[in-house]
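All ligand and atom numbering here is 1-based and tracks the order in the structure.
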Amino acid sequence: MNATILGDGFPCKPASSVTSHDFFFDGLKNEGNAKNSLGSSVTKGNVMAFPGLNTQGISMNRIDIDIGGINPPHSHPRAAEIGVVIQGHVKVGLITTENLEYSRLMLPGQIYVVPRGLVHFQLNVGQDKAFIVSAFNSHMPRTYVDGVDLFCAKPFVPYDVLTKTFHSDQSVLDNIYKAFPDSKCSSFSSVG
Ligand code: GLV
Ligand code: MN
């Protein structure tokens, strides 16, 4: 699709240029590469990858988590998420706007829901790899990796914003910045 994304979608294609590629998508069939510092991989089946989703308000991801790995706390500003554990033992948790944490060990076949915009995570607590399929009520749910976004933002979030927010002095923040060089930040930043 040769189009630029608008606020919440692409312009529709003329019917004459629609192909089967627009309605079928193989992108979630292969295991993602979770050999990274988090031990996890999210493969996105959003409208960027799967054009037939345009304007439909739905999309789907595949999450692979290595033993001990985590899909770190993150949120989707545009969508609620429903997920099913296909393989593995996964601790799934979410945090409400009242700072209440709800988490549970989830086994294959069990499903969870994360209301729109809430922070959530998936931690592999089993002895095998884990595999989850998640779905969204947006064709482009977008993702914030919470906390990390404050240290990976460019230009940098002003120091006094961070020192006041975290009740910390600059040296504490410098240490956190060291943990997020550009090479690490780029592994967190992904559209969709
Ligand atoms: C899982 O939380 C995902 O965002 O796909
Ligand atoms: Mn999510």
Yes or no on side chain to side chain contact (heavy atoms under 4.5 Å, CB included) for Phe23 and Val18, after CA distance, side-chain angles and deciding distance? CA-CA 9 Å; Phe23 301 110; Val18 169; 3.4 Å; yes
Can you list the steps and then say if Tyr159 with Asp174 is a side chain to side chain donor-acceptor pair (under 3.5 Å)? CA-CA 10 Å; Tyr159 262 112; Asp174 283 338; 2.3 Å; yes
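- Shown in contact with Asn61 at under 4.0 Å from a heavy atom are these atoms of ligand 1, numbered in order with element: 3 (C), 4 (O), 5 (O).
- The proximity of Ile63 to ligand 1, defined as any non-hydrogen pair under 4.0 Å, is limited to the side chain.
- Nearest to atom 1 (C) of ligand 1 among the protein's heavy atoms is Glu81 OE2, 3.0 Å.
- Residues Ile65 and Asn124 come closest through the heavy atom pair O-ND2, 3.0 Å.
- Only the side chain of Phe136 comes within 4.0 Å of ligand 1, judged by heavy-atom distances.
- With hydrogens left out, the protein atom closest to atom 5 (O) of ligand 1 is Ser134 OG, 2.8 Å, a heavy atom.
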Pairs of donor and acceptor atoms involving the side chains of residues 104-120, under 3.5 Å and at least two apart or interchain, shall be tabulated with distances.
unit_1, atom_1, unit_2, atom_2, d
Gln110, OE1, Leu107, N, 2.7
Tyr112, OH, Glu81, OE2, 2.7
Tyr112, OH, Gln122, NE2, 2.9
Arg116, NE, Pro77, O, 3.4
His120, ND1, His74, O, 3.1
His120, ND1, Leu118, O, 3.0
His120, NE2, His74, NE2, 2.8
His120, NE2, His76, NE2, 3.3
His120, NE2, Glu81, OE1, 2.9

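- At a 4.0 Å heavy-atom cut-off, ligand 1 touches Asn71 through the side chain alone.
- Put simply, the side chain of Phe156 reaches to within 4.5 Å of the side chain of Lys154, judged on heavy atoms.
- Counting only heavy atoms from C-beta outward, the side chains of Phe180 and Val148 approach each other to under 4.5 Å.
- Protein N/O/S atoms closer than 2.8 Å to the Mn ion (ligand 2), listed by chain and residue number, are His74 NE2, His76 NE2, Glu81 OE1, His120 NE2.
- Side-chain contact between Leu100 and Tyr102: present, with at least one pair of heavy atoms (C-beta onward) separated by less than 4.5 Å.
- Salt-bridge formation is detected for the pair Asp64/Arg62: a Lys NZ or Arg NE/NH1/NH2 atom is positioned less than 4.0 Å from an Asp or Glu carboxylate oxygen.
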